[in-house]
Structure formats: structure tokens, C-alpha cells
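Since the structure comes first, as C-alpha cells, the remarks are kept for the end.
Keep in mind that the numbers below use all heavy atoms, side chains included, and drop hydrogens, waters and symmetry copies. In each ligand, atom 1 is the first atom listed, and ligand 1 is the first ligand listed. We count residues from 1, following the sequence as given.
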Amino acid sequence: MQDPDLLSEAEAVRLHAYAPYSNFPVGAALLAEDGSLHHGCNVENASYPAGLCAERVALGAAVARGARRFIAIAIAGPPGVAISPCGICRQVLSEFSPDGTLRVIARDAAGTPRATTIVELLPGAFGPAQLGHS
Ligand code: THU
């Protein structure tokens with residue numbers, strides 16, 4: 001699947017975001033190595049810290065369906081705003097990309113798709129290997 005198609009998936013699920021507090025709806029589409037696609041949107045809460053980012057919702061949905069190896073995640077926020085995963089989501093995504101090659105795709109402020117990798121977003125991550133898991 002090409003980056004623009006994955007971004008379209010993220011943009012579509014963004015419409016389901018529950019973001020009444022921030023008014024910043026986000027969608028995420030996560031492509032697994034087996035070709036399966038998993039979606040998430042942010043789900044906020046009146047108890048603000050209980051809110052979930054789109055990326056972690058997508059990852060949880062994927063793991064619940066048995067996927068653990070991923071190629072790319074596309075993230076879509078409001079048009080005109082460059083979006084990038086928060087620190088917690090970088091850590092959580094990094095857990096499932098021990099080699100750091102997970103591609104992270106999002107549009108910049110001009111709407112141009114940009115791709116980076118999780119290791120570029122979170123170099124030197126603490127991960128499973130440090131706990132003896134590989
Ligand atoms: N948010 C995401 O879901 N993903 C991101 O990459 C950035 C931020 C959410 C969290 C919160 O619900 C809202 O956007 C504003 O921060």
C-alpha cells in the first residue's frame with residue numbers, strides 16, 4: 001500500500017474521532033506485515049489524562065487481532081497542521097519495531113506527505129531488549 005492510500009485511510013477514520021475537548025481530531029492507519037490494516041482515532045475523556053491518541057488506539061486494535069509486526073503508520077490531523085506522534089506514542093510504537101524501521105507518515109503543514117521512521121523519532125529507545133526480551 002502506498003503512502004497516500006494509507007493517509008486516506010487515516011483521514012477516513014479521523015471522522016470518528018471523539019475529541020470534544022481539544023477539537024483536534026486525529027486518525028491513524030497501521031499497516032501490518034501480513035497486509036492487514038488497523039485503524040484508530042483519538043478518544044478523549046472528561047478526565048483529560050484518560051484520553052487516548054489515535055496511534056495507540058490503532059496499535060491496540062492491531063494487537064487484539066493478532067498483528068505484531070508492522071510496516072507503516074499514517075497519521076492524519078486537522079488540515080494545515082503538521083502532526084507528529086507524542087512521546088508516549090513514540091514509545092509504544094517503538095515497542096513493536098525493535099529495529100526502528102516502522103515508517104511514520106503524516107502530512108506537513110502544506111499538506112505534503114512526509115515519511116520518517118520510529119527510530120528517527122525516538123532514538124535510543126528503552127525497549128524489550130533491555131528487559132531480556134527480543
Ligand atoms: N493526538 C493524537 O491522537 N495523535 C497525535 O499524534 C497527536 C495528538 C490527540 C491527543 C488529543 O486527543 C488531541 O490530539 C490533542 O492533543
Are there more than 12 heavy atoms of other residues, nucleotides or ligands under 6.0 Å from atom CD of Glu120? yes
Counting from 1 in the order shown, the ligand 1 atoms closer than 4.0 Å to a non-hydrogen atom of Ser22 are 13 (C), 15 (C)
shortest atom 12 (O) of ligand 1-to-protein heavy-atom contact is with Glu44 OE2, 2.5 Å
Output for pair (Ile105 CD1, Gln2 CD), nearest 0.5 Å, gives 9.5 Å
closest protein heavy atom to atom 1 (N) of ligand 1 is Val26 CG2, 3.8 Å
Report the C-alpha separation of Gln91 and Ser94 in whole Å, then their side-chain angles, then the decisive distance to 0.1 Å, and conclude whether the side chain to side chain donor-acceptor pair (under 3.5 Å) test is met. CA-CA 5 Å; Gln91 176 69 26; Ser94 178; 5.6 Å; no
| For Ala19, is the nearest heavy atom under 4.0 Å from an atom of ligand 1? | no
Counting heavy atoms under 4.0 Å, the part of Cys53 that contacts ligand 1 is both
Item to complete: Indicate yes or no: does Arg103 engage Asp3 in a salt bridge with an N to O separation below 4.0 Å.
Response: yes
Taken to the nearest 0.5 Å, the spacing of Phe96 CZ from Arg68 CZ works out to 6.5 Å
Ranked by distance from atom 3 (O) of ligand 1, the top protein heavy atom is Ala54 N, 2.9 Å
Minimal heavy-atom distance between Thr101 and Ile118, with the atoms involved, is N-CG2, 4.4 Å
- Task: Please indicate whether any nitrogen or oxygen in Cys86 is less than 3.5 Å from any nitrogen or oxygen in ligand 1.
- Result: no
Within 4.0 Å of atom 6 (O) of ligand 1 (strictly less), any protein heavy atom? yes
Under 4.0 Å between heavy atoms, the region of Ser84 that gets near ligand 1 turns out to be backbone
for atom 16 (O) of ligand 1, nearest protein heavy atom and its distance come out as Phe24 CD2, 4.7 Å
Output for pair (Leu7 CG, Met1 CE), nearest 0.5 Å, gives 10.5 Å
for atom 9 (C) of ligand 1, nearest protein heavy atom and its distance come out as Asn42 ND2, 3.5 Å
task: For the pair Tyr48 and Tyr21, name the ring-plane relationship: parallel under 30°, tilted 30 to 60°, perpendicular over 60°.
output: tilted
closest protein heavy atom to atom 4 (N) of ligand 1 is Glu55 OE1, 2.8 Å
